[in-house]
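Report on one structure; see the data block that follows.
Start at 1 and go down the list; that is how both ligands and their atoms are numbered. Values below: all heavy atoms of this structure, side chains included; hydrogens, waters and symmetry mates excluded.
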Amino acid sequence: MRKIVLVLLGFSLLVVLGQSNSPFTSQEQQLLQTAGKEFYAALAEQPKDQALCSQYKNHLPSDRLSGFLQEQQSLIKYPAKLMGDWRKGGAIFNDMAKANCFTCHFGSPVNWGGNVGPSLEKYGRRGQSEAIQRYTYAVVYNSWAYFPCTVMYRFGVQGLLTPEEIADVVAYLLDPTSDFNTKPAATGSK
Ligand code: HEC
C-alpha cells in the first residue's frame with residue numbers, strides 16, 4: 001500500500017514538473033529529479049568514520065573512542081616545518097572562500113568572529129613549544145583526531161588546505177609577532 005502511494009506521489013510530481021507553467025526552471029527540475037538519488041548515495045555510502053559518527057549521533061561510546069582517535073591521528077601528514085608564514089596564514093584564515101576559520105572562531109583582528117567553535121583570541125599566549133605547534137597543526141589538519149565527529153572541517157583530510165597552508169595558519173595563530181596576537185580582535189560589523 002505504501003509503495004503504491006509513493007509511486008502515485010512520484011507520478012504526480014513528474015506531471016507537475018512536466019507542465020510548462022512550472023515554477024521551476026528546466027535546470028531546477030532536473031536537479032529535483034536527481035537530488036533524491038544523490039542524497040541517498042551520500043547517506044548510504046559514508047566513509048567508515050563518518051558512518052560511525054552518524055550511527056552514534058556524534059557521541060561515540062567510550063569503547064569505540066581510542067580506536068577512532070588513533071585512526072584519525074594516523075591520517076595526519078606533517079610538513080617539514082610546522083610553522084610557516086603567518087601573513088599567508090592570515091589571508092587563508094580570513095578568506096571566506098578559503099578556510100573561513102573566522103566564521104566559527106572569535107579572535108581575528110580582521111573579521112568579527114563567530115561562536116560555533118571556542119574563541120581563539122590571542123592564541124599565541126599558549127606558547128610556541130613543539131607540542132603546541134603539533135597539537136594546533138593536528139586539529140586543523142584533522143579536527144576529529146582531538147574532537148571526534150565535530151563540525152569543524154578536517155582541512156587536511158578533506159583536501160581543503162595543503163600541509164604547507166596549514167603550517168601558515170598555525171604560524172598566524174602562534175607566532176608572537178603575528179597580527180593575530182598583536183592586534184585586538186575585531187568586534188562589530190565592518
Ligand atoms: C564550521 C565551524 C568551524 C570552522 C570553519 C573552523 N572551526 Fe575550529 N573548531 C570548531 C569547533 C566546534 C571546535 C571545538 C571542537 C569541539 O569541541 O567539538 C573547534 C576547535 C578548534 C581548535 C582547538 C581549540 C582549542 O582551544 O584548543 C583550533 C585551534 C581551531 N578550531 C582552529 C581552527 C582554524 C585555524 C580554522 C580554519 C583553518 C577553523 N578552526 C575552522 C569549529 C570550526
Side-chain angles (χ1 to χ4, degrees), residues 42 46-47 49-62 64-73 75-79 81-187 190:
Q46 294 178 8
D49 46 12
Q50 177 61 67
L52 211 58
C53 290
S54 303
Q55 182 186 349
Y56 292 105
K57 302 216 180 334
N58 298 337
H59 296 287
L60 299 183
S62 50
R64 305 303 292 267
L65 213 50
S66 79
F68 184 92
L69 291 173
Q70 249 168 23
E71 213 172 294
Q72 295 303 315
Q73 280 287 349
L75 297 176
I76 301 173
K77 293 188 179 68
Y78 291 90
K81 271 182 62 190
L82 291 169
M83 270 171 75
D85 177 338
W86 69 257
R87 284 189 175 80
K88 286 188 194 161
I92 295 167
F93 189 102
N94 291 298
D95 184 346
M96 209 170 209
K98 190 76 179 162
N100 198 20
C101 314
F102 70 89
T103 295
C104 292
H105 292 285
F106 184 80
S108 163
V110 182
N111 294 298
W112 190 13
N115 62 2
V116 177
S119 166
L120 302 175
E121 193 176 8
K122 302 285 177 289
Y123 189 88
R125 283 189 193 144
R126 299 181 188 201
Q128 290 76 39
S129 71
E130 164 94 18
I132 287 171
Q133 290 180 34
R134 265 185 97 81
Y135 163 76
T136 308
Y137 181 91
V139 170
V140 179
Y141 193 100
N142 185 10
S143 55
W144 285 8
Y146 282 94
F147 308 100
C149 311
T150 182
V151 296
M152 177 167 159
Y153 314 145
R154 303 154 72 207
F155 290 92
V157 172
Q158 292 167 326
L160 298 168
L161 296 177
T162 65
E164 288 69 32
E165 286 173 326
I166 295 175
D168 292 338
V169 172
V170 171
Y172 184 57
L173 290 176
L174 286 178
D175 191 324
T177 66
S178 154
D179 279 356
F180 200 81
N181 295 311
T182 58
K183 295 193 172 163
T187 52
K190 275 204 290 183

Write out each pair where an N or O from ligand 1 and one from the protein are under 3.5 Å apart, with the distance.
unit_1   : atom_1 : unit_2 : atom_2 : d
ligand 1 : 7 (N)  : H105   : NE2    : 2.8
ligand 1 : 9 (N)  : H105   : NE2    : 2.8
ligand 1 : 18 (O) : T150   : OG1    : 3.1
ligand 1 : 26 (O) : R126   : NH2    : 2.7
ligand 1 : 27 (O) : R126   : NH1    : 3.1
ligand 1 : 27 (O) : Y135   : OH     : 2.5
ligand 1 : 31 (N) : H105   : NE2    : 2.8
ligand 1 : 40 (N) : H105   : NE2    : 2.8

Problem set entry | Atom pair CZ (F93) and NE2 (H105), whose distance is rounded to the nearest 0.5 Å |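 NE2 of H105 is found 6.5 Å from CZ of F93.
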Exercise. With sequence neighbours left out, which residue pairs that include part of residues 116-173 fulfil the disulfide bond (SG atoms under 2.5 Å apart) condition?
Worked result: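 Only C53-C149 qualify under disulfide bond (SG atoms under 2.5 Å apart).
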Exercise. Relative to each other, are the rings of W144 and F68 parallel, tilted or perpendicular (30° and 60° limits)?
Worked result: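 Tilted, since the angle between the ring planes falls between 30° and 60°.
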Exercise. Considering residues, nucleotides and ligands other than K122, do more than 12 of their heavy atoms fall under 6.0 Å from its NZ?
Worked result: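 Correct, the count exceeds 12.
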For this session: Could you list the residues that satisfy ring pair (Phe, Tyr, Trp, His ring centres under 6.0 Å) with Y141, not counting sequence neighbours?
Result: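 Y137.
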Exercise. Residues in ring pair (Phe, Tyr, Trp, His ring centres under 6.0 Å) with Y153, at least two apart?
Worked result: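 Ring pair (Phe, Tyr, Trp, His ring centres under 6.0 Å) check on Y153 returns F155.
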